[in-house]
Amino acid sequence: MSGFLDSSTIRSKLHRPPGAADVIERTSLLDAYPIGERGCATLVAAPAGYGKSTYVCQSLDRSEKRCVWLSLDAADSELRRLLTYIAAAIETQFPSACEELLACREMPGFYPPRKLAQIFAGEIEALNEPLILVLDE
């Protein structure tokens with residue numbers, strides 16, 4: 001990883017949770033709703049304990065696309081921190097990605113969110129291959 005990960009960046013947030021050996025695969029759900037196969041975004045919502053993360057992990061295991069994972073908490077709502085984590089997550093699969101986005105984070109005037117979204121979209125497009133970005137809250 002490059003040098004933008006400082007001591008405040010928790011690297012464990014950049015990896016998906018380990019799967020349990022005794023989990024039953026939900027084949028019909030996985031076949032009907034594969035993550036990253038239909039459209040640009042997938043929202044998986046259910047109460048705590050319903051297996052959202054397990055389903056996403058199982059779906060990713062079936063996917064041929066590169067996947068990056070970011071576990072979020074309340075402190076990650078600060079935009080600069082969020083950008084750092086997203087870029088760090090993407091860098092786990094694409095080591096030289098998101099350089100422009102990271103440069104923006106260091107600017108004293110910090111761009112408005114709409115401009116940052118445009119920069120982020122450009123960075124993702126520049127990867128030239130599909131990417132599944134999981135934001136797990």
Side-chain angles (χ1 to χ4, degrees):
M1 299 202 146
S2 70
F4 72 81
L5 290 178
D6 57 27
S7 61
S8 67
T9 305
I10 303 170
R11 287 181 172 83
S12 63
K13 295 169 71 85
L14 307 179
H15 303 285
R16 66 185 186 172
D22 60 347
V23 174
I24 297 172
E25 186 172 274
R26 298 174 178 176
T27 307
S28 59
L29 180 64
L30 293 166
D31 289 343
Y33 302 104
I35 300 290
E37 299 299 321
R38 295 182 178 161
C40 296
T42 301
L43 173 65
V44 180
Y50 274 64
K52 298 175 296 293
S53 295
T54 300
Y55 157 69
V56 171
C57 287
Q58 288 178 353
S59 187
L60 296 177
D61 288 342
R62 293 172 149 214
S63 178
E64 295 180 6
K65 296 177 182 175
R66 290 202 213 187
C67 168
V68 298
W69 188 282
L70 176 56
S71 296
L72 299 170
D73 56 45
D76 300 329
S77 63
E78 193 273 316
L79 191 54
R80 287 179 197 248
R81 182 180 176 114
L82 180 62
L83 289 176
T84 300
Y85 278 127
I86 289 174
I90 292 170
E91 190 184 48
T92 64
Q93 291 292 316
F94 299 92
S96 61
C98 298
E99 292 175 357
E100 186 179 357
L101 187 65
L102 289 167
C104 293
R105 149 188 106 107
E106 299 300 328
M107 295 175 55
F110 208 52
Y111 289 129
R114 181 179 297 272
K115 177 67 174 171
L116 291 170
Q118 290 172 338
I119 292 169
F120 177 64
E123 297 270 28
I124 296 301
E125 188 175 330
L127 297 176
N128 289 322
E129 81 176 77
L131 168 69
I132 298 173
L133 170 62
V134 176
L135 303 175
D136 184 25
E137 188 263 326

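- For Asp22, there are no side chain to side chain donor-acceptor pair (under 3.5 Å) partners two or more places apart in sequence or in a different chain.
- Between the CG atom of Leu70 and the NE2 atom of His15 there is a distance of 11.0 Å, given to the nearest 0.5 Å.
- Under the 4.5 Å side-chain heavy-atom criterion for grouping Ile, Leu, Val, Met, Phe, Trp and Tyr, Ile124 is not connected to Val134 through any hydrophobic cluster.
- Not counting sequence neighbours, Asn128 has no partner by the side chain to side chain donor-acceptor pair (under 3.5 Å) test.
- The shortest distance between side-chain heavy atoms of Cys104 and Leu83 does not fall below 4.5 Å.
- Scored by the side-chain contact (heavy atoms from CB on, under 4.5 Å) test, Val23 finds Ala20, Thr54, Gln58 as partners (sequence neighbours excluded).
- Note that the OH atom of Tyr111 and the CG atom of Leu79 stand 13.5 Å from one another [nearest 0.5 Å].
- For Lys52 and Asp136, the salt-bridge test fails: no basic side-chain N is under 4.0 Å from an acidic carboxylate O.
- With sequence neighbours excluded, the residues that form a side-chain contact (heavy atoms from CB on, under 4.5 Å) with Arg16 are Cys57, Leu60, Asp61, Trp69.
- The local environment of CD in Glu137 is sparse, with at most 12 non-hydrogen atoms from other residues, nucleotides or ligands closer than 6.0 Å.
- Under the side chain to side chain contact (heavy atoms under 4.5 Å, CB included) test applied with Thr42, the options Ile35, Ile132, Val56 reduce to a single match, Ile35.
- At distances below 3.5 Å, at least one donor-acceptor pair connects side-chain atoms of Thr84 with backbone N or O atoms of Arg80.
- Listed by chain and number, the residues in a side-chain contact (heavy atoms from CB on, under 4.5 Å) with Ala48 amount to none (sequence neighbours excluded).
- Listed by chain and number, the residues in a side chain to side chain donor-acceptor pair (under 3.5 Å) with Glu129 are Arg66 (sequence neighbours excluded).
- Using a 4.5 Å heavy-atom cutoff, the side chains of Thr27 and Leu30 are not in contact.
- The backbone N or O of Gly36 lies less than 3.5 Å from a partner atom in the side chain of Lys65, making a donor-acceptor pair.
- Linking Ile, Leu, Val, Met, Phe, Trp and Tyr whenever their side-chain heavy atoms come within less than 4.5 Å puts Ile90 and Leu101 in one cluster.
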